Amino acid sequence: MPENLAYALIQLVHNFGAVAVIGVPAFALRAEASADADARLRWLVGAAWAAQIASGAGFGAVSLHYYGQLPDIHGVAVGALYLKIACAVAGLTLIAAAGARARGSSAGRGRLVWRVLLVLGTTALAAAAFLRWFS
Amino acid sequence: MYLARIALLAALLWCLTPAWAADEAAYVRIAEPPDGDTLDGFEPGKLVYAVRPGPKGDHVHVYVGGEEVGILRQLEGSYTLGPLPPGRQTLCVKVVNKAHVPIGVEQCVEVNVE
């Protein structure tokens with residue numbers, strides 16, 4: 001069925017995005033990369049958060065296209081969805097701010113950015129479980 | 001060549017899908033309460049149902065007066081309704097897909113709550 005294929009392709013992007021928003025900050029914290037490599041890794045996480053937002057919206061778009069309505073979620077699931085969106089927006093904002101202030105930034109501040117990104121990714125992934133099963 | 005084989009296999013599966021779908025026509029049947037029944041708002045009523053989700057469906061959502069009140073993953077059984085406000089109420093069971101989107105297969109009954 002075409003809608004299942006569409007959902008599956010979007011889920012593919014969403015799953016790999018989830019891996020990146022947690023895996024890259026965890027790697028960066030351990031690797032202690034150069035400033036240039038650090039900046040490239042930050043943009044990779046930024047792209048992953050953007051992919052999360054786009055694919056999340058994609059689920060809604062596929063539902064609208066095939067059934068004329070958005071997923072029917074309530075209560076805990078809505079809270080979890082808002083939390084995921086907040087994490088994505090915060091992650092992108094932090095990456096943009098860190099990129100703008102990269103020059104002259106200390107190593108300690110860089111590690112703090114990675115820690116916050118790791119917390120945001122972990123929180124979003126945890127929220128995803130509640131969104132999945134409380135819907 | 002490899003991609004062409006995959007495309008051919010996908011096309012073949014696509015063509016076979018309607019045959020499976022016909023065998024698994026989706027439905028929802030609410031056995032209790034019957035349409036037009038009168039319920040005591042203070043007594044927890046039971047919604048007895050049976051569902052075949054069909055090829056597009058996955059599980060069901062229960063609605064009272066348009067508000068979702070429960071998620072059922074068993075395809076046959078009962079759901080205990082909470083306290084209901086007095087007056088006419090519409091109870092619905094809707095089949096939804098894995099993304100929680102109602103696929104258009106549902107049954108609703110109207111009850112009087114006293």
Side-chain angles (χ1 to χ4, degrees), chain A residues 1-19 21 51-88 124-135, chain B residues 3 6-26 28 49 51-74 79 81-82 90-108:
Chain A
M1 282 172 287
E3 67 263 41
N4 285 348
L5 180 63
Y7 279 129
L9 292 175
I10 289 168
Q11 187 76 60
L12 189 80
V13 174
H14 211 65
N15 287 358
F16 279 100
V19 169
V21 296
Q52 293 300 85
I53 292 171
S55 54
F59 287 121
V62 171
S63 302
L64 270 177
H65 177 71
Y66 286 105
Y67 298 104
Q69 67 181 94
L70 294 169
D72 203 358
I73 60 172
H74 294 84
V76 173
V78 174
L81 177 61
Y82 286 153
L83 187 56
K84 284 185 76 179
I85 292 169
C87 287
L125 195 63
F130 289 87
L131 176 57
R132 175 72 183 83
W133 292 102
F134 278 86
S135 298
Chain B
L3 283 176
I6 291 176
L8 187 66
L9 182 63
L12 186 64
L13 287 173
W14 190 292
C15 291
L16 290 174
T17 302
W20 304 338
D23 289 338
E24 287 198 26
V28 175
Y49 67 95
V51 170
R52 183 186 283 170
K56 291 184 177 180
D58 180 66
H59 61 282
V60 295
H61 289 183
V62 181
Y63 299 79
V64 174
E67 286 291 310
E68 185 192 311
V69 295
I71 304 160
L72 307 173
R73 297 188 189 274
Q74 279 191 313
Y79 173 79
L81 298 162
T90 305
L91 313 177
C92 292
V93 176
K94 299 183 183 183
V95 177
V96 300
N97 65 11
K98 286 189 174 74
H100 309 287
V101 181
I103 63 169
V105 178
E106 62 185 69
Q107 189 182 4
C108 298

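Since this is a predicted model, take the numbers as computed values, not measurements. Reminder, nothing fancy here: chain letters follow the sequence lines and each chain counts from 1. As a basis for the values below, the full set of heavy atoms in this structure was taken, side chains included, without hydrogen atoms, waters or symmetry mates.
Proximity to chain A (any heavy atom under 4.5 Å) is shown, for B:I103, by both the backbone and the side chain. For chain B, no part of A:Q11 is nearby; none of its heavy atoms comes within less than 4.5 Å. For a residue to count as touching a neighbouring chain, one of its non-hydrogen atoms must lie under 4.5 Å from one of that chain's; by this rule A:F59 does not touch chain B. For A:F134, the part lying near chain B is the backbone, with the side chain staying farther off; criterion is any non-hydrogen pair under 4.5 Å.
Going from atom CG of A:N4 over to atom NZ of B:K56 covers 9.0 Å, rounded to the nearest 0.5 Å. Here the CG atom belonging to B:N97 is positioned 12.0 Å from the OH atom belonging to A:Y66, to the nearest 0.5 angstrom.
If you run side chain to side chain contact (heavy atoms under 4.5 Å, CB included) between A:H74 and each of B:H100, B:E68, B:H61, only B:E68 comes through.
Considering every non-hydrogen atom in both A:P71 and B:A99, the closest pair reads CB-O, 3.0 Å.
In A:Q69, the CD atom is crowded: over 12 heavy atoms of neighbouring residues, nucleotides or ligands sit closer than 6.0 Å. With a 6.0 Å radius and a threshold of 12 heavy atoms from other residues, nucleotides or ligands, B:Y79 has its OH atom above the threshold.
With a 4.5 Å cut-off on side-chain heavy atoms, B:V101 and A:Y7 count as touching.
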